[in-house]
Every structure is written in C-alpha cells, then in structure tokens.
Amino acid sequence: MSSRVSPLSRQFFSRPTLTVAREIIGKRLIKLDPDGTKLCGVILEVEAYIGESDLACHARAGITSRTKPLYGPPGTTYVYFTYGMHWMLNFVTEREGFPAAILLRALCPTEGASIMQKRRRQGFAELTNGPAKITQALGIDESWNAYDVCAPNARMFIADDHANLEITPCARPRVGLGNTPEPWRSLSWNLVHNK
DNA sequence: AGGACGATTAACT
DNA sequence: GTTAATCGTCCTG
C-alpha cells in the first residue's frame, strides 16, 4: 500500500504571513481530482496580504460576504473572481479572526502537465506563471473557496515533504497595485524563488 | 441606482 | 507599450 503524503499543518499557516510566504516557496501544491488525476506543482512565487490596515488587501473593507474566508482559520482557501473572468487562489494565514493570506502567483508543474496543457493550450513555460493561469490550469473556481487544505483527507493541499532549508526567496513589491496608496504599494511582500 | 475599478491575461501596434 | 475583454464588489449619491 502506498501511503498518502500528509498535508502541511494548520500550525504552519498560523504563523506570521511573511514567514509562511517565505517557507511555502519550494513546496508542492497537490490537487487530487475525483477521476483519479493528480495535479502537482512546486510553488515559485507568492504574495502576502496582511490585515485590514493593508490597503491592498481585500479585507481593507472589513468582513463582507466576499472576504469572510480571510477571517477564517489558517489553512482555509480564499478564492475570488476578478476582472470579470479570472479566479485567484489564496491560503489564509495567522490566527482565526485576523484577515491575512498569501496569493499563489507561480508554480512549476511537476505532475499532470498534459492535463493542464489541455485546459490552457499553451507551452510548458506559460502554463502556470501567473495567478489566474494557475487556477485555470488546475481547474480551481468558486467551488474551492473556503476549502480546508489542512484536513487529513483534503483533495487539495500543500505536501509536507520538503525541508526547504536552502531556499532564500527574493523579495520585491507586489504586482498589480497601481492604484494602491503608499506605503502599501511599495512594500516588498512579493516573494520569488530565486533560480 | 449608477459608476469606477480591479491581487489579470492575451492580443494587439 | 497599449488595450479590450468582462462582471462582481464597493463606494457615492
């Protein structure tokens, strides 16, 4: 019998958002679909959104029907719709009641790339190198909102199987915040796996 | 009730 | 570098 890789713990997500963001780089996102297909990719780029005081964070408007998952337990997904056509995937961090999350911005596909390619109709390099490309390639939409990725039998989770000690992500300002006031616009809360 | 805008992407010039 | 696509959310009145 093959044993299932265990999901990253809720404790992992419960720490400060920038710590979670740094340490999740290089780990594998796994999605198991009902038909048995397995999609997997190494996380290469994430972005932090931290609290109601962060004017780039959706929680700046407080708790609403949209932002409710941000206030949920760490390890909850926050999947939202934007630009009238794109889905974005986040993982909630810090303590329940404090709205913070990391946005997935880039992956390197390691399993199921052919399935992703059918959905995206692009070459390998362009398959998951953007936040909305990831959700399209993995088939993630509102039905994955407020999903618990720490549940023992979760169908989507981060694999707890890479020590990740040698990776020092590179930090830059977050992407796409053209209208966000300073200082939030320029905070280096985007983390990229260097190399 | 109406309008601006968005944690984007692909397809242009 | 610029722009259309496309619609839910939030802010204004």
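In what follows, every chain begins at residue 1, and chains take the letters A, B, ... in the order their sequences are listed. Worth saying up front: this structure is predicted, and the values here are computed from it rather than measured.
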Task: Single-linkage hydrophobic cluster, 4.5 Å side-chain cutoff, Ile50(A) and Phe13(A) together - done: no
- [ ] Remember a base hit wins even if backbone is also touched, and classify Gln122(A) as base, sugar-phosphate or nothing at under 4.0 Å, heavy atoms.
- [x] sugar-phosphate
Task: Distance, rounded to the nearest Å, where Leu177(A) contributes CG and dG6(B) contributes C1' - done: 11 Å
Task: Pairing of Arg28(A) and Asp161(A) as salt bridge, 4.0 angstrom limit - done: yes
Open item on the list: I want to check something: taking the side chain as every heavy atom from C-beta on, are Glu45(A) and Leu103(A) in contact at a cut-off of under 4.5 Å?
Closed with: no
TODO: Could you check how far CG of Asp141(A) sits from C1' of dG8(C), rounded to whole Å?
DONE: 15 Å
- [ ] May I ask you to verify if any side-chain N or O of Thr64(A) is less than 4.0 angstrom from the OP1 or OP2 atom of dC10(C)?
- [x] yes
Open item on the list: Classify the ring geometry of His58(A) against Tyr80(A): parallel below 30°, tilted from 30° to 60°, perpendicular beyond 60°.
Closed with: perpendicular
Open item on the list: Students often get this wrong, so: under 4.0 angstrom with heavy atoms, is Ala56(A) touching a base, only sugar-phosphate, or nothing?
Closed with: base
- [ ] Report which part of the nucleic acid Met88(A) touches: base, sugar-phosphate, or nothing (heavy-atom distance under 4.0 Å, all strands).
- [x] sugar-phosphate
Open item on the list: Using the six-membered base ring of dG8(C), report whether Phe81(A) stacks on it, requiring centroids under 5.5 Å and planes under 30° apart.
Closed with: no
TODO: Can you tell me the distance, in whole Å, between the CZ atom of Arg185(A) and the P atom of dA7(B)?
DONE: 13 Å
Task: dG6(B) OP1/OP2 closer than 4.0 Å to side-chain N/O of Asn179(A) - done: yes
Task: N/O (side chain, Arg121(A)) to phosphate O (OP1/OP2, dA10(B)) under 4.0 Å - done: no
Task: Pair assignment for DNA chain B - dot-bracket with | for other-strand partners, Watson-Crick or G-U under 3.5 Å - done: ||||||.|||||.
TODO: Would you mind classifying the nucleic acid contact of Leu103(A) as base, sugar-phosphate or nothing, using non-hydrogen atoms under 4.0 angstrom?
DONE: base
Open item on the list: Quick check: do Val79(A) and Asp141(A) have side-chain heavy atoms less than 4.5 Å from each other?
Closed with: no
Open item on the list: Side-chain N or O of His58(A) versus OP1/OP2 of dT9(C): is the shortest distance under 4.0 Å?
Closed with: no
TODO: Would you mind telling me which of dC5(B), dA7(B), dT9(C) lies closest to the side-chain atoms of Arg66(A)?
DONE: dT9(C)
Task: Phosphate OP1/OP2 of dA10(B) contacted by Arg120(A) side-chain N/O (<4.0 Å) - done: yes
TODO: Give a yes or no on whether Ile134(A) and Met156(A) share a hydrophobic cluster (residues Ile, Leu, Val, Met, Phe, Trp, Tyr; joining criterion: side-chain heavy atoms under 4.5 Å apart).
DONE: yes
- [ ] Kindly point out which of dT8(B), dA7(B), dC10(C) is positioned nearest to the side chain of Thr67(A)?
- [x] dC10(C)
Open item on the list: Judged by each residue's nearest nucleotide on DNA chain B, which is more toward the 5′ side, Asn129(A) or Gly84(A)?
Closed with: Gly84(A)
Open item on the list: Nearest whole Å is fine: how far is dT6(C) P from Tyr80(A) OH?
Closed with: 20 Å
Task: Nearest non-hydrogen partners of Cys150(A) and Ser9(A), listed with the distance - done: SG-C, 3.7 Å
Task: Rounded P spacing from dG2(B) to dT6(C) in Å - done: 23 Å
